[in-house]
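The block underneath contains the structure these notes are about, expressed in structure tokens.
In what follows, every heavy atom counts, from backbone to side chain, and hydrogens, waters and symmetry copies are set aside.
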Amino acid sequence: MTDWPRLVSAVPIGEYRLRLSYSDGFVGEVDFADTVAKGGIFAFMKDPDRFKTVQIAHNGSALLWVDDAGDDIDFCADAQRMRAEAHAVKHMAAE
């Protein structure tokens with residue numbers, strides 16, 4: 001049985017965007033602008049310096065930010081990979 005690829009790095013590359021790298025060599029980008037715009041539990045992420053505090057958590061299976069109350073806000077790394085793959089396909093189709 002093969003393990004699922006794990007997230008190995010998350011680098012902020014612009015306003016609310018991250019470049020994600022996975023253990024199988026895949027590298028892609030995700031944009032969190034729509035998430036941040038929702039406000040609510042994501043409001044603290046509007047501050048660009050806070051957005052840059054992203055961490056890799058749960059042995060590479062999640063992206064994580066810690067909010068002002070000290071609570072973890074996490075996002076599934078597999079779901080983010082699917083978003084990054086969809087972004088890559090749209091980008092290639094536009095060329």
Checklist entry - Going through the distances and angles, do Phe51 and Glu15 end up as a side-chain contact (heavy atoms from CB on, under 4.5 Å)? => result CA-CA 9 Å; Phe51 183 79; Glu15 189 172 80; over 6 Å; no
For [X] against [Y], the heavy-atom pair lying closest together:
X	Y	answer
Phe26	Ala84	CE2-CB, 3.9 Å
Ala10	Val54	O-CG1, 4.0 Å
Leu7	Ser21	CD1-O, 3.4 Å

Does some side-chain heavy atom of [Y] sit less than 4.5 Å from a side-chain heavy atom of [X]?
X	Y	result
Trp65	Thr53	yes
Ile13	Leu18	no
Ser61	Arg6	yes

Checklist entry - Taking only residues at least two apart or on different chains, which pairs with a member in residues 51-63 satisfy salt bridge (charged side-chain N to carboxylate O under 4.0 Å, His left out)? => result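 For residues 51-63: none.
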Checklist entry - In chain order, what residues pass the side chain to side chain contact (heavy atoms under 4.5 Å, CB included) check against Ile73, with sequence neighbours excluded? => result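 Ile73 satisfies side chain to side chain contact (heavy atoms under 4.5 Å, CB included) with Ile41, Phe42, Phe44, Asp67, Phe75 only.
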Item to check | side-chain contact (heavy atoms from CB on, under 4.5 Å) between Leu20 and Gln80, intermediate numbers included | outcome: CA-CA 8 Å; Leu20 305 178; Gln80 300 317 305; 3.7 Å; yes
Checklist entry - Do side-chain atoms of Tyr16 reach the backbone of Lys46 as a donor and acceptor pair under 3.5 angstrom? => result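 Yes: the side chain of Tyr16 pairs with the backbone of Lys46.
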Next on the checklist: Which Ile, Leu, Val, Met, Phe, Trp or Tyr residues join Leu64 in one cluster when any pair of side-chain heavy atoms under 4.5 Å counts as a link?
Outcome noted: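 Result for Leu64 is Val66.
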Checklist entry - To which residues is Val27 joined in a hydrophobic cluster, defined by side-chain heavy-atom contacts under 4.5 Å among Ile, Leu, Val, Met, Phe, Trp and Tyr, whether direct or through other members? => result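 Members besides Val27: none; it forms no cluster.
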Test side chain to side chain donor-acceptor pair (under 3.5 Å) applied to [X] - qualifying residues, sequence neighbours left out:
X	value
Asp24	Arg81
Asp74	His58
Ser23	none

Could you give the side-chain donor-acceptor pairs of residues 28-39 under 3.5 Å, partners two or more places apart or in another chain?
{"residue": "Glu29", "atom": "OE2", "partner": "Arg19", "partner atom": "NH2", "Å": "3.3"}
{"residue": "Asp31", "atom": "OD1", "partner": "Ala33", "partner atom": "N", "Å": "2.8"}

Checklist entry - Who passes salt bridge (charged side-chain N to carboxylate O under 4.0 Å, His left out) against Asp68, sequence neighbours left out? => result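 Asp68: salt bridge (charged side-chain N to carboxylate O under 4.0 Å, His left out) contacts with Arg50.
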